[in-house]
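Down below is the structure, laid out as structure tokens.
Keep in mind that this is a model prediction, so the values were computed, not measured. In this chain, residues are counted from 1 in sequence order. Computation of the quantities below employed the complete heavy-atom set of this structure, encompassing side-chain atoms and omitting hydrogens, waters and symmetry-equivalent molecules.
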Amino acid sequence: MSKKFDYLIYIGRFQIAHNGHIHVIKNALSLSERVIIIIGSAFQPSTIKNPFTFDERRSMLQSAFSSEDVKRLDFTYVYDYLYNDQKWAADIQNRVSIFSCNPNAKIGIIGCKKDSSSYYLEMFPQWQLVEVDHIDNINATDCRNKFFTTAQISIDDKIPQSTVDFLIEHIKYSETYKCLVKEYNFIEMYKSSWDCAPYPPVFVTVDAVVIQSGHILLVKRKALPGKGLWALPGGFIDQNETTLESMIRELREETGLKVPVPVLKGSIKDDKVFDNPNRSLRGRTITHAYLLELANGELHKVKGGDDALKAKWIQLSKIQELRETLFEDHMDIITYFADRL
């Protein structure tokens with residue numbers, strides 16, 4: 001019997017494959033000849049929010065199905081574009097077109113409208129929407145938190161046995177897992193230190209996007225969160241500073257850049273506020289980023305200092321290669337300014 005659809009598209013992060021995900025995929029298989037599963041937040045640095053790689057998430061999902069069903073599942077990925085939904089939607093469209101070259105193919109998109117985060121289901125009017133009922137009391141965040149606090153996770157947490165087996169075999173004893181546990185404990189302690197505040201805190205930071213001769217200046221983080229990741233020079237604003245003063249101070253402290261302050265100020269070409277509510281694991285953090293273009297020529301000497309393990313000039317052409325090692329939304333910030341150079 002022919003199916004209603006040739007392809008159904010299912011988009012998700014799948015940061016622990018749970019029974020809710022499996023429920024949607026089973027529905028999709030019953031309605032469509034093939035199911036295109038698009039794994040989001042792909043090729044991000046490993047964090048407690050995104051602990052599993054694209055390959056790991058694909059393996060968790062595949063292991064929950066029979067070999068015959070797996071033959072009907074097509075997997076691809078999409079990057080995060082925190083500040084450009086239309087670019088994200090275009091990327092989804094392009095990836096779907098790789099699997100479906102027939103212009104007459106019957107294509108739909110399937111998912112659960114569980115909360116405000118499901119708004120993306122309305123972004124593809126060219127595809128018929130198939131809504132699936134949300135399974136109550138399944139929360140991937142709770143599952144991840146339990147895994148980081150007790151190292152125990154079971155089918156009682158509403159995840160399939162195949163996911164439990166995968167986590168035990170591939171993740172639980174890895175060095176990556178040990179580092180994530182440290183980061184989880186740090187973040188929990190950081191958040192708890194603000195429990196007595198009369199309202200949820202909002203943090204203000206600054207970042208410097210410094211360009212010279214086709215290179216960008218980055219630092220390697222010395223401490224949690226994001227220890228060992230590459231980042232833009234920056235940090236928290238002091239009480240007695242403007243954002244501009246804070247950016248210049250942080251830039252000089254973390255990189256040892258000896259360009260005079262008047263020259264740095266004169267090199268500012270653009271600035272923008274980046275305020276995605278989920279940009280930082282530490283809590284609501286708004287950053288003011290500045291683009292500085294230094295005069296072409298020999299690269300200024302830099303050396304890591306303060307909170308930076310090291311400072312280094314990186315070729316702009318190599319930035320995409322660092323996607324999996326860039327802190328928070330710094331790839332989005334760099335991309336925003338690079339498009340305006």
Result block: side-chain N/O donor-acceptor pairs under 3.5 angstrom for residues 199-213, not counting sequence neighbours:
unit_1 : atom_1 : unit_2 : atom_2 : d
Thr205 : OG1    : Thr287 : OG1    : 2.9
Asp207 : OD2    : Thr287 : OG1    : 2.7
Gln212 : OE1    : His300 : N      : 3.2
Gln212 : NE2    : Ala295 : O      : 3.1
Gln212 : NE2    : Glu298 : O      : 3.1
Ser213 : OG     : Gly297 : N      : 2.9
Ser213 : OG     : Gly297 : O      : 2.9

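For Val164, the side-chain contact (heavy atoms from CB on, under 4.5 Å) partners at least two apart in sequence or on another chain are Ile155, Ile159, Gln161, Ile168. Evaluation of the side-chain hydrogen bond (donor to acceptor under 3.5 Å, both in side chains) rule for His330 yields no partner, not counting sequence neighbours. Legend: residues meeting side-chain hydrogen bond (donor to acceptor under 3.5 Å, both in side chains) with Thr243, ordered by chain and number and at least two apart, are Tyr290. A search for side-chain contact (heavy atoms from CB on, under 4.5 Å) contacts involving Arg249 returns Asp238, Glu241, Ser246, Glu253, not counting sequence neighbours. Listed by chain and number, the residues in a side-chain contact (heavy atoms from CB on, under 4.5 Å) with Gln62 are Arg58, Val70, Phe75 (sequence neighbours excluded).
In the hydrophobic clustering of this structure, Ile216 does not group with Trp313; members are Ile, Leu, Val, Met, Phe, Trp, Tyr whose side-chain heavy atoms approach within less than 4.5 Å, directly or through other members.
Aromatic ring orientation, His21 versus Tyr10: tilted (interplanar angle from 30° to 60°). The aromatic rings of Phe124 and Trp88 lie tilted to each other, with the angle between the two planes from 30° to 60°. In this structure, Tyr184 and Phe148 have tilted ring planes: the angle between them lies in the 30° to 60° band.
Taking the ring axis of Tyr336 as reference, the NZ or CZ atom of Lys272 stays within 45° of it and closer than 6.0 Å to the ring centre.
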Let me see the working for Tyr83 and Phe274 under ring pair (Phe, Tyr, Trp, His ring centres under 6.0 Å), right down to the final yes or no. CA-CA 8 Å; Tyr83 304 97; Phe274 294 87; 5.2 Å; yes

